[in-house]
> 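Below is the structure I would like to discuss, written out as structure tokens.
Atom set for the values below is all heavy atoms of this structure, side chains included, hydrogens, waters and symmetry mates excluded. First listed ligand is number 1; within each ligand, the first listed atom is number 1.
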Amino acid sequence: MERPLFELPGIPVRDRCAVMGILNVTPDSFSDGGRWRDPGRAVEHGLQLAAMGADVVDVGGESTRPGACRIPAEDELARVLPVVRALARQGVPVSIDTMRARVAQAAVDAGARIVNDVSGGLADRAMARTVARSGVPFVVMHWRGQSRAMDELADYDDVVTEVVGEVRCRMDALVSAGMDPQQIVVDPGLGFAKGRRDDWTLLASLDAWAALGRPLLVGPSRKRFLGELLSDPATGEFRPARERDAATAATAALAAAQGAWAVRVHEVGAVADAVRVEAALRAHRRTSI
Ligand code: PMM
């Protein structure tokens, strides 16, 4: 599939799929909870992600794993702001993973260049106007409800059509609230109100997102559908989250081949290589026989 070149303010244009490195400054994220809780270690890890090839580092202070409960805004701010500020000062392009307008605004003031909202602006009514005013790119992920109960919302007749359609509705609402369509990045929200079959079906049909005309971010990293695929054949136990990185890299290359603008991953090194392989292959494809 041809790769359209999208220009997003503050983000370098690449002829390959971009890599967004995950930096969860949380005690309880599903695969790296607690590891980067100390701000000094978090900043060090963010710099490592950039050195390994992350084009953007996505800083999050609130876990969205299935079943997770919300935390107070003050706690979220205290977790993310020192890390965003320190990374931005050192020239790392940072995105802020938050559902709160207040956190998004404070992070942008501290140097964040992208707002990544897993709720696509649904969790906080002030988000659309806040991001519209700031002018930074905004990730509109497909979302049907808070993590606490999202698994119960995974009910689809035609998951691809419904998920793309629901994101299109969000885009329309955001534009009505004042957002420039050029700010919008879309994301299918793998694992969010999705059954495992839904995740696979969405991943197999990423070309459907081209109809929205906006850059596509995909977040497969270490998610349940990969754990299930790689289950222990003897016990049926899911492969542990930290042992899903090779499968994540394969998934990233396949998403890139379907035109994804960026992939959001924990283990950046292998994925940075994988998206370069995909780009090289595309560059060498024969255009006529
Ligand atoms: N997944 C998680 C968190 N934030 N943001 C976007 N845009 N897309 C995702 O798929 C996504 C996200 C959950 O994964 P994590 O807990 O490992 O960060």
> Which of these, R264, K223, M20, has its nearest heavy atom closest to atom 10 (O) of ligand 1?
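Looking at heavy atoms only, K223 sits closest to atom 10 (O) of ligand 1.
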> Would N24 count as a polar contact of ligand 1, with the cut-off being nitrogen or oxygen pairs under 3.5 Å?
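Yes.
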> Parallel, tilted or perpendicular: which describes the rings of Y156 and H142, with under 30° parallel and over 60° perpendicular?
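Plane angle between 30° and 60°, so tilted.
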> Which atom names give the shortest non-hydrogen contact between A128 and A177, and what distance separates them?
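So the minimum-distance heavy-atom pair works out to CB-CB, 3.6 Å.
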> Can a salt bridge be assigned to the pair D155 and R144 using a cut-off of 4.0 Å between side-chain N and carboxylate O?
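No, this pair does not count.
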> When rounded to the nearest 0.5 angstrom, what distance separates CZ in F225 from CG in L202?
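Reported to 0.5 Å precision, the distance equals 9.5 Å.
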> Which of the atoms of ligand 1 are close to D187, meaning less than 4.0 Å from one of its heavy atoms?
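Going through ligand 1 atom by atom, the ones under 4.0 Å from D187 are 6 (C), 7 (N), 8 (N), 9 (C).
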> Is it true that D199 and K223 have a side-chain N and a carboxylate O under 4.0 angstrom from each other?
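Not counted as a salt bridge, because no side-chain N and carboxylate O are separated by less than 4.0 Å.
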> Using a 4.0 Å cutoff against the non-hydrogen atoms of N116, which atoms of ligand 1 qualify?
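With N116 as reference, the close atoms of ligand 1 come out as 5 (N), 6 (C), 7 (N).
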> So which bit of D58 gets within less than 4.0 Å of ligand 1, heavy atoms only: side chain, backbone, both or neither?
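Near ligand 1, D58 shows nothing, with every heavy atom at 4.0 Å or more.
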> Mind listing the closest non-hydrogen atom pair of E76 and D97 along with its distance?
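Heavy-atom minimum between the residues: OE2-O, 4.1 Å.
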> Which one of D187, I11, V186 satisfies the side chain to side chain contact (heavy atoms under 4.5 Å, CB included) criterion with W261?
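The option that passes is I11.
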> Contact between R222 and ligand 1, counting heavy atoms under 4.0 Å?
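Heavy atoms of R222 never come under 4.0 Å of ligand 1.
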> Please list, in number order, the atoms of ligand 1 under 4.0 Å from a heavy atom of V118.
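Result: 4 (N), 5 (N), 12 (C).
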> Go through ligand 1 atom by atom and flag the ones less than 4.0 Å from a non-hydrogen atom of V139.
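Ligand 1 atoms under the 4.0 Å threshold to V139: 7 (N).
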> Based purely on interatomic distance, does S221 place a nitrogen or oxygen under 3.5 Å from a nitrogen or oxygen of ligand 1?
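By distance alone, the answer is no.
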> Heavy atom under 4.0 Å from ligand 1: found in L217's side chain, backbone, both, or neither?
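Just the side chain.
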> Looking at every non-hydrogen atom in both residues, tell me the closest pair between W209 and V164 and how far apart they are.
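Taking every non-hydrogen atom into account, CE2-CG2, 3.6 Å.
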> Checking the N or O distance criterion of under 3.5 Å, is ligand 1 in contact with H266?
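Between H266 and ligand 1, an N or O pair is found under 3.5 Å apart.
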